[in-house]
Amino acid sequence: RCRGGVERVLRRIADSCSAWSIRTKRILVFAAITVIPIVALSYYVSMEFTRELEQEMTEASNRQIAQVETAISNFLNSQRESVEELVLDPLLQNVDDSVTTYINKQGDADGLVKMLIPQTRGIETEIYRRFFIHRTFNRNISMVSLSVESNGGYIQSPATTCIAHYDPRKQDWYKAAMKQPGRVRMVDAHLAADGSSILIGFAKAVVDDFGSVKGVLSVEISLPRLTALVYDYQWGRYGHVILTDEQGKILADPLRPERVSQNIREIYSGVPENLKDIRAGTINAKADGREILLTVHSSGQAAWMIVGI
């Protein structure tokens with residue numbers, strides 16, 4: 001087909017230049033025979049170069065994603081293991097309804113209740129001290145708490161504030177842990193008990209030796225800690241990495257931390273309702289009038305997404 005096209009071009013040139021000398025015609029034919037293959041070869045080389053470049057970019061992206069996922073997975077797995085360790089503590093398995101409850105506590109003008117730091121001897125004091133020591137030796141943990149099933153009691157380290165009438169048993173993370181008592185559940189991004197910050201973490205039901213569920217242990221990580229974790233990972237020459245949940249809520253953005261808790265669709269147009277529908281691939285998005293390529297990768301073990309921008 002290509003050969004036939006070349007012949008038609010040459011024929012048209014010959015017809016339109018019938019008045020020219022034979023020498024001129026030969027020069028034109030020679031030039032056409034020389035130039036057309038060069039143009040075709042240049043086009044092929046250009047397309048092949050583009051394909052190889054895209055392949056190299058994809059491979060580089062995959063390597064970067066693997067590095068980010070490994071770092072995050074190692075970090076989260078260490079917190080998961082700390083939950084598995086704590087729930088086996090006899091102190092937690094013997095917790096009772098002597099633990100302070102805030103269900104009937106009235107709040108101040110801001111609707112907050114100051115949590116009590118246990119001072120007297122008793123199981124609540126011992127558990128609080130256990131949590132304090134655990135946090136001291138694990139700086140990545142922002143908060144450790146125990147919620148008691150029998151009376152809605154709540155122990156938290158550090159003891160800060162909680163909203164008035166706080167009942168941990170009504171929280172989604174508590175209900176998720178109770179549905180599968182033998183499993184550590186990763187907690188989706190949620191508000192802290194005082195409503196001041198957004199946390200993620202792990203929760204597991206505390207079960208005594210007789211199989212009775214005593215409550216739920218929760219280990220929390222602040223989103224700024226996650227942000228610090230991905231801060232050093234650059235995406236290409238000018239890009240960066242952010243973390244979102246499957247619905248697109250931003251969990252960590254090292255360059256624009258003020259965007260944390262915003263939905264990625266509020267910033268970039270062209271992003272689908274649920275990022276989990278993509279799982280792995282690219283999105284041609286727009287922001288501030290610029291076209292931006294988003295590379296999306298789903299974590300294999302948690303409900304969060306790595307997005308290269």
Side-chain angles (χ1 to χ4, degrees), residues 68-93 95 127-128 130-149 153-160 162 166-208 213-230 243-247 249-252 260-261 276 298-306:
V68 175
E69 181 165 19
T70 298
I72 296 174
S73 295
N74 290 341
F75 173 76
L76 294 180
N77 283 336
S78 67
Q79 312 316 318
R80 188 191 299 270
E81 291 169 2
S82 73
V83 172
E84 294 281 17
E85 173 191 346
L86 280 173
V87 294
L88 298 177
D89 193 315
L91 275 174
L92 276 63
Q93 295 181 358
V95 70
I127 291 175
Y128 182 85
R130 179 72 176 87
F131 287 171
F132 178 82
I133 293 172
H134 188 77
R135 287 181 48 251
T136 301
F137 285 96
N138 192 335
R139 295 294 186 179
N140 292 321
I141 294 177
S142 300
M143 187 182 300
V144 186
S145 69
L146 176 65
S147 307
V148 183
E149 172 67 14
Y154 187 69
I155 308 171
Q156 175 184 293
S157 175
T160 54
C162 65
Y166 183 68
D167 187 347
R169 297 171 298 181
K170 295 182 179 179
Q171 308 305 313
D172 290 341
W173 51 265
Y174 187 97
K175 296 175 182 178
M178 291 294 284
K179 284 182 179 179
Q180 295 176 301
R183 179 184 173 190
V184 177
R185 294 295 301 269
M186 185 169 184
V187 179
D188 292 336
H190 62 282
L191 284 173
D194 60 1
S196 64
S197 60
I198 299 176
L199 305 170
I200 65 169
F202 295 94
K204 186 178 182 180
V206 178
V207 183
D208 65 16
V213 177
K214 309 294 287 188
V216 170
L217 171 73
S218 177
V219 171
E220 312 283 2
I221 307 159
S222 68
L223 294 189
R225 181 66 189 89
L226 271 185
T227 299
L229 195 64
V230 299
L243 300 181
T244 77
D245 63 14
E246 291 181 333
Q247 284 70 46
K249 181 187 291 184
I250 297 175
L251 305 178
V260 169
S261 79
K276 64 181 180 181
S298 173
S299 166
Q301 64 165 351
W304 42 263
M305 315 290 288
I306 302 171

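Computed from heavy atoms alone, side chains included, the values below leave out hydrogens, waters and symmetry copies.
For the atom pair CD1 (Ile141) and OG (Ser78), the distance works out to 7.5 Å, reported to the nearest 0.5 Å. The distance from the CG atom of Leu91 to the OH atom of Tyr128 is 15.5 Å, given to the nearest 0.5 Å. Taken from CZ in Arg80 to CZ in Phe202, the straight-line distance is 4.5 Å, to the nearest 0.5 Å. Separation of atoms NE2 (His134) and CG (Asn138) is listed at 5.0 Å; rounding is to 0.5 Å. Summarising the geometry, atom CG belonging to Leu76 is positioned 5.5 Å from atom CD1 belonging to Ile221; distances are rounded to the nearest 0.5 Å.
Closest non-hydrogen pair, Leu86 versus Leu217, comes out as CB-CD2, 3.4 Å. In terms of heavy atoms, Pro168 sits closest to Ser147 at CB-OG, 3.2 Å. Shortest non-hydrogen contact noted between Val87 and Ala205 is CG1-O, 4.4 Å. In terms of heavy-atom proximity, Ser142 sits nearest to Pro158 at O-CD, 3.5 Å.
The pair Glu85-Arg130 meets the salt-bridge criterion, since a charged nitrogen lies less than 4.0 angstrom from a carboxylate oxygen.
A 4.5 Å side-chain heavy-atom check between Gln171 and Ser218 finds every atom pair outside the cut-off. Here the side chains of Val144 and Arg135 are in contact, with some heavy-atom distance below 4.5 Å. Ile200 has its side chain out of reach of Glu220: every pair of non-hydrogen atoms, C-beta onward, lies at least 4.5 Å apart.
Checked against Val216 for a side-chain contact (heavy atoms from CB on, under 4.5 Å), the options Lys204, Glu149, Arg185, Met178 give a single hit: Met178.
Partners of Asp208 by side-chain contact (heavy atoms from CB on, under 4.5 Å), not counting sequence neighbours, listed by chain and number: Gln93, Phe210, Ser212, Lys214.
Side-chain contact of Ser82 with Glu84: a donor-acceptor pair under 3.5 Å is absent, judged by distance alone.
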Let's go through Leu146 and Leu92 carefully: what are the C-alpha distance in whole Å and the side-chain angles of both, what is the deciding distance for side chain to side chain contact (heavy atoms under 4.5 Å, CB included) to 0.1 Å, and is it a yes or a no?
CA-CA 8 Å; Leu146 176 65; Leu92 276 63; 4.1 Å; yes
Can you check side chain to side chain contact (heavy atoms under 4.5 Å, CB included) on Val95 and Ile127, steps first, answer last?
CA-CA 9 Å; Val95 70; Ile127 291 175; 4.0 Å; yes
Given Tyr154 and Arg169, is the side chain to side chain contact (heavy atoms under 4.5 Å, CB included) satisfied, shown in steps?
CA-CA 10 Å; Tyr154 187 69; Arg169 297 171 298 181; over 6 Å; no
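Under a cut-off of 6.0 angstrom, the local environment of CZ in Phe75 is crowded, with over 12 non-hydrogen atoms contributed by other residues, nucleotides or ligands.
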